[in-house]
Amino acid sequence: MSMHTPEAPATLSPPVPLDTAKRSRRSVFVRRPFFTIAVIVTVAYLVAALFAPQVAPFDPVTQDFNVMMQPPTAAHLFGTDSYGQDILSRVIYGARFALIIGIFAVLIGAAGGLVIGLAAGLSGGASEWALMRLIDAILALPSLILAVAFIAILGQGVDKVVIAVGLSMIGPFARTVRSDVLQVRVQLFIEAAQLMSIPYLRVVWRHVLPNVIFPLAVQVTIRISEAILVSSSLSFLGIGVTPPTPDWGLMIAEGRDFVSFAPWMSAMPGFALALLLIALTIVGDGIREEFDPKLRKDS
């Protein structure tokens, strides 16, 4: 006589709270108006940088001594500098150099930080200790001081600034990656993969790396503004981008001697730089708050 075992009742997932469901249906652009405005401003800078030759009314390096230090007019909306160059055109082209330096410098820092952070988090022992002391040495100095040191070795120029700023940002990325790797290493699915005799490199590639890449990408969006600020500071100090390259930091430095009677020379690029940094910071914070798994878990 066969025994009939009753099937276990299907487990029901807990109902989603009403406020959470409404929140998920609402777009992030509706829930975060400041984030939406910051995205619009950032996109506007990107468009201006990509289409600078079509958007800029004048050549950014063309000099016209007949209109030197002319205040804002209908012909020159942002005025002209001491060489008769159109400041609006130089600000538009400056957005291109600022974003190029910021994006590529952060990518260099993220790549270096990913390699060092993975090695430190996975190695353990003396290797981890040595790599962590290297990271601590990088973090002991501000990014600007490190960038100045690298510029002194590499020399001046846009490409040199990209490398110098990127190298100075390896430390924060490396510490973030190492922290994430240490959290992933103790997960049960990593232990299960090791018990199944899966090759170690395959475990790292398929299980550790995907759990590290996304938090790293979030950090990339946050630190672009820092890279732009450091590169502009180098140019302001006269050791970054060389004239006549239309760089915002260089333009601010050139106009500081004339600020008493031609304030637009420094004010216009300074305002453009401040607006982009604020927009990028708000965008980065919004992305982190929306998509960072740690913050979503805590909320």
Side-chain angles (χ1 to χ4, degrees), residues 33-105 156-159 161-162 165 224-283:
F34 288 105
F35 175 79
T36 304
I37 297 173
V39 169
I40 294 173
V41 172
T42 304
V43 171
Y45 273 91
L46 288 173
V47 171
L50 290 174
F51 301 100
Q54 291 76 28
V55 176
F58 297 93
D59 190 303
V61 297
T62 299
Q63 301 178 2
D64 186 359
F65 294 100
N66 295 321
V67 293
M68 290 189 307
M69 288 186 287
Q70 186 178 27
T73 60
H76 303 279
L77 295 179
F78 284 5
T80 59
D81 59 12
S82 57
Y83 298 98
Q85 298 169 321
D86 182 66
I87 295 179
L88 175 59
S89 301
R90 292 179 64 80
V91 166
I92 293 174
Y93 274 87
R96 168 178 288 188
F97 286 99
L99 290 172
I100 288 175
I101 293 173
I103 292 173
F104 284 98
Q156 293 180 272
V158 176
D159 54 341
V161 171
V162 171
V165 176
I224 291 178
S225 59
E226 179 183 349
I228 293 176
L229 180 60
V230 171
S231 65
S232 298
S233 301
L234 291 175
S235 299
F236 180 82
L237 295 174
I239 56 176
V241 177
T242 56
T245 305
D247 181 84
W248 290 337
L250 190 61
M251 295 170 64
I252 297 172
E254 291 174 349
R256 61 183 172 179
D257 295 331
F258 311 99
V259 69
S260 59
F261 56 90
W264 58 86
M265 290 179 57
S266 293
M268 297 305 180
F271 176 76
L273 175 61
L275 183 60
L276 178 60
L277 293 180
I278 293 173
L280 287 174
T281 301
I282 295 175
V283 170

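Quick note: residue numbers are just sequence positions, from 1. Note that the coordinates shown come from a computational prediction; the quantities given were computed from them, not determined experimentally.
For the pair Thr80 (side chain) and Met69 (backbone), a donor-acceptor distance under 3.5 Å is present. Judged by distance alone, the side chain of Ser235 and the main-chain N or O of Gly240 form no donor-acceptor pair under 3.5 Å.
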Val161 vs Asp247, test: side-chain contact (heavy atoms from CB on, under 4.5 Å). Steps then yes/no. CA-CA 12 Å; Val161 171; Asp247 181 84; over 6 Å; no
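Take Phe78 and apply the side-chain contact (heavy atoms from CB on, under 4.5 Å) test, not counting sequence neighbours, and it matches Ile87, Leu88, Val91, Met268. Listed by chain and number, the residues in a side-chain contact (heavy atoms from CB on, under 4.5 Å) with Phe271 are Leu275 (sequence neighbours excluded).
Side chains of Val165 and Leu234 form a contact here, defined as non-hydrogen atoms less than 4.5 Å apart. The shortest distance between side-chain heavy atoms of Trp264 and Pro71 falls below 4.5 Å. Contact annotation: the side chain of Glu254 approaches that of Leu250 to within less than 4.5 Å [non-hydrogen atoms, C-beta and beyond]. You'll find the side chain of Arg90 reaches within 4.5 Å of the side chain of Pro60, heavy atoms only. Using a 4.5 Å heavy-atom cutoff, the side chains of Val41 and Ile278 are not in contact. Contact of the Ile228 side chain with the Ser232 side chain is registered, since non-hydrogen atoms from C-beta on lie closer than 4.5 Å.
Other residues, nucleotides and ligands contribute at most 12 non-hydrogen atoms within 6.0 Å of the CZ atom of Phe104.
Smallest separation of non-hydrogen atoms from Leu280 and Ser225: CB-CB, 3.9 Å.
Note: His76 and Phe58 have parallel aromatic rings, judged against thresholds of 30 and 60 degrees for the angle between ring planes.
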For residues 92-100, tabulate all N or O donor-acceptor pairs below 3.5 Å that involve a side-chain atom, not counting sequence neighbours.
from	atom 1	to	atom 2	distance (Å)
Arg96	NE	Ala49	O	2.9
Arg96	NH2	Ala49	O	3.1
Arg96	NH2	Leu50	O	3.3

